[in-house]
Amino acid sequence: MKTIAYNMFGGTEVLQTIDEPTPSIQADQVLVKIKAVSINPLDWKIRKGEMKLMSGSKFPKHTGTDFAGVIEEVGSSVTTFKKGDEVFGIVKNNMKEGALGEYVAVPATSVWKKPAAISFAQAASIPTVGGAAVAAFQKMGKINSQSHILINGATGGFGMFLLQLLKPTGANVTAVTSTNGVAYAKEWGATSVVDYKKENILSRKTTYDVVIDLSGKMGYKNAKQIMKPQALFLNPVPQPIDIPTTLIQNLFRSKKHIALITAPSEKSINLLLQGIDKGLTIEVGKVFPFTQTQEAYQYAEKGGYIGKVVIEL
Ligand SMILES: NC(=O)c1ccc[n+]([C@@H]2O[C@H](COP(=O)([O-])OP(=O)(O)OC[C@H]3O[C@@H](n4cnc5c(N)ncnc54)[C@H](OP(=O)(O)O)[C@@H]3O)[C@@H](O)[C@H]2O)c1
């Protein structure tokens, strides 16, 4: 089968199409014929060698965490799926394996039935950022119409799901986005939108109960200026050192810094599937063919897209 692999850490130029044997499956696994793989920022952080501690330095490496496709084969103990089912899912360990190829073998517990109403590209956009958005939403605690929330970097994949999860709560949600995201942020439920290319959110006098920084550029030190006394700062891109240090420092401060590490769960995916039934939208900003994988990553890494960037096979 054709798959994408790389033999050294680096830029998009290290991504190569290679031939390798179609994976064989174990009793608890399914073999999925891939139709679409969405791009996540983590893909290129691993490829650039920024996650070496977890990914190791053994090559070749594969890429792509979230996929959608059609079940080709089921393991002997799998009763939940059959050949031909349309599914979406996630590779079990994205530090060591990748879905961007013609087939992937994963545990049956790592895939879910694709709703008929959405495309393969939309389904492949769900797991990582959808699961993270549910986890972030739950970390926020009790949210109601009195709550003031700031989402910095609101119109990528994570923000798209988080805005729509917050909408029914009636909370006051300020979305910070670039110019082309303004209309999308409003449509997804932001009550106020700030274009970061025109205004620095830190210079506003407003303070928030929750600040979540999806751009990775604000940091707790800056966020503190716009946090209410008991507010939370949710950080989905913590440095490894932040994980123990924030736990200790939070004991002595009222403005908490929460390092957010998430993985999609059965519960979070089911909640998103219920949302999709009720009209939650998934915007795929751009689709590339498999033959343009390098271009797809170049485009995604430049930023400026709305929702997700997807590669189709
Ligand atoms: N901890 C976890 O479990 C977990 C799970 C999923 C994702 N993440 C991380 O969460 C982050 C967000 O994920 P994502 O998939 O939504 O990424 P994304 O699609 O790249 O979205 C990031 C957003 O930040 C915006 N942005 C860039 N510079 C900004 C600035 N100076 N001020 C305000 N906004 C700015 C971007 O807008 P423009 O492109 O228009 O400039 C973009 O919409 C990523 O770093 C990802 O790795 C963590």
Side-chain angles (χ1 to χ4, degrees), residues 37-48 50-51 54-55 63-66 90-91 93-95 124-139 150-165 174-185 188 190 192-204 208 211-219 222-223 226 233-240 242-243 246 257-265 268-269 272 282-286 296-310:
V37 172
S38 76
I39 293 181
N40 284 293
L42 186 64
D43 299 349
W44 66 78
K45 292 175 193 168
I46 298 171
R47 195 197 65 229
K48 288 178 180 173
E50 293 170 18
M51 314 293 292
M54 283 175 280
S55 71
T63 196
T65 299
D66 298 336
I90 188 164
V91 294
N93 181 354
N94 56 12
M95 295 290 159
S125 299
I126 299 173
T128 296
V129 286
V134 171
F137 177 65
Q138 289 169 342
K139 270 275 181 238
L150 178 77
I151 306 179
N152 193 45
T155 50
F158 197 148
M160 165 176 73
F161 283 103
L162 186 55
L163 275 169
Q164 295 182 81
L165 289 168
T174 300
V176 182
T177 165
S178 58
T179 316
N180 55 354
V182 171
Y184 286 92
W188 294 333
S192 158
V193 183
V194 174
D195 179 344
Y196 76 81
K197 303 222 163 150
K198 296 187 182 148
E199 187 187 344
N200 180 354
I201 187 71
L202 299 174
S203 61
R204 283 198 171 187
Y208 300 90
V211 175
I212 178 164
D213 179 25
L214 303 178
S215 77
K217 292 177 181 162
M218 179 181 269
N222 288 316
I226 52 168
F233 174 67
L234 300 183
N235 178 6
V237 279
Q239 295 298 313
D242 290 334
I243 297 160
T246 53
H257 178 173
I258 311 289
L260 202 65
I261 305 289
T262 68
S265 64
S268 61
I269 296 292
L272 293 162
I282 303 168
E283 182 69 23
V284 177
K286 186 134 175 121
Y297 274 98
Q298 282 157 13
Y299 178 84
E301 290 171 38
K302 219 165 50 195
Y305 57 84
I306 303 297
K308 296 291 288 181
V309 178
V310 172

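When a ligand or atom number is given, it counts from 1 through the structure's own listing order.
Looking only at heavy atoms of the protein, atom 47 (O) of ligand 1 is closest to Lys45 NZ, 3.0 Å. Scanning all protein heavy atoms for the shortest distance to atom 41 (O) of ligand 1 gives Tyr196 OH, 2.4 Å. Among protein heavy atoms, atom 19 (O) of ligand 1 sits closest to Tyr305 OH, 2.7 Å. The shortest contact between atom 1 (N) of ligand 1 and any protein heavy atom is with Leu260 O, 2.6 Å. In terms of protein heavy-atom proximity, atom 10 (O) of ligand 1 is nearest to Phe158 CD1, 3.6 Å. Taking atom 9 (C) of ligand 1 as the reference point, the nearest protein heavy-atom neighbour is Val237 CG1, 3.8 Å. From the protein, the heavy atom lying nearest to atom 4 (C) of ligand 1 is Pro236 O, 4.0 Å. When hydrogens are left out, the protein atom nearest atom 15 (O) of ligand 1 is Val129 CG1, 3.4 Å; that is the closest non-hydrogen contact.
Nearest-residue assignment for atom 26 (N) of ligand 1 (options Ala300, Ser215, Gly157, Gly181; heavy-atom criterion): Ser215. The heavy atom nearest to atom 24 (O) of ligand 1, considering only Gly153, Gly216, Ala185, is found in Gly153.
Between Thr177 and Val182, some side-chain heavy-atom pair lies under the 4.5 Å cut-off. Between Val129 and Met160, every side-chain heavy-atom pair lies at or beyond the 4.5 Å cut-off. Contact of the Leu234 side chain with the Asp213 side chain is not registered, since no non-hydrogen atoms from C-beta on lie closer than 4.5 Å. Within the 4.5 Å cutoff, side-chain heavy atoms of Leu150 are placed close to those of Met218. The side-chain heavy atoms of Asn152 and Tyr196, taken from C-beta on, include no pair separated by under 4.5 Å. Residues Lys286 and Ile306 have side chains not in contact (no heavy-atom distance under 4.5 Å, counting atoms from C-beta outward). Residues Phe233 and Ile258 form no side-chain contact, since every pair of their non-hydrogen atoms from C-beta on lies 4.5 Å or further apart. Residues Trp188 and Thr155 form a side-chain contact, since some pair of their non-hydrogen atoms from C-beta on lies under 4.5 Å apart.
Of all heavy-atom pairs between Ser125 and Val310, the closest is OG-CG2, 3.6 Å.
Remark: Ser55 engages Phe9, Ile46, Lys61, Met95 in a side chain to side chain contact (heavy atoms under 4.5 Å, CB included) (not counting sequence neighbours).
Counting only distance, with no hydrogens or angles, the side chain of Ser268 and the backbone of Pro264 share no donor-acceptor pair below 3.5 Å.
The ligand atoms of ligand 1 that sit less than 4.0 angstrom from a heavy atom of Ala132 are 5 (C), 6 (C). Listed by number with element, the atoms of ligand 1 under 4.0 Å from a non-hydrogen atom of Ser178 are 38 (P), 40 (O), 41 (O). Near Gly156, with a cut-off below 4.0 Å to any heavy atom, the atoms of ligand 1 are 16 (O), 19 (O), 21 (O), 43 (O). Close approach of ligand 1 to Lys217 is summarised as follows: ligand atoms under 4.0 Å from at least one heavy atom of the residue are 27 (C), 28 (N), 31 (N). The contact set between ligand 1 and Thr262, taken as ligand atoms under 4.0 Å from a residue heavy atom, comprises 2 (C), 3 (O), 5 (C). Close contacts between ligand 1 and Leu214 involve ligand atoms 11 (C), 12 (C), 22 (C) [criterion: under 4.0 Å to a heavy atom]. For ligand 1, the atoms sitting less than 4.0 Å from at least one non-hydrogen atom of Thr128 are 6 (C), numbered in the order shown with element in parentheses. Remark: ligand 1 atoms within the under-4.0 Å shell around heavy atoms of Gly303 are 39 (O).
Within the 4.0 Å heavy-atom cutoff, Gly304 counts among the residues contacting ligand 1. For Asn152, the heavy-atom gap to ligand 1 drops under 4.0 angstrom.
Taking a distance limit of 4.0 Å, we find that atom 36 (C) of ligand 1 is approached by no protein heavy atom.
Glu301 has a carboxylate O that lies under 4.0 Å from a charged side-chain N of Lys48, or vice versa, which qualifies the two as a salt bridge.
Residues His257 and Asn235 bring a donor and an acceptor atom of their side chains to less than 3.5 Å of each other.
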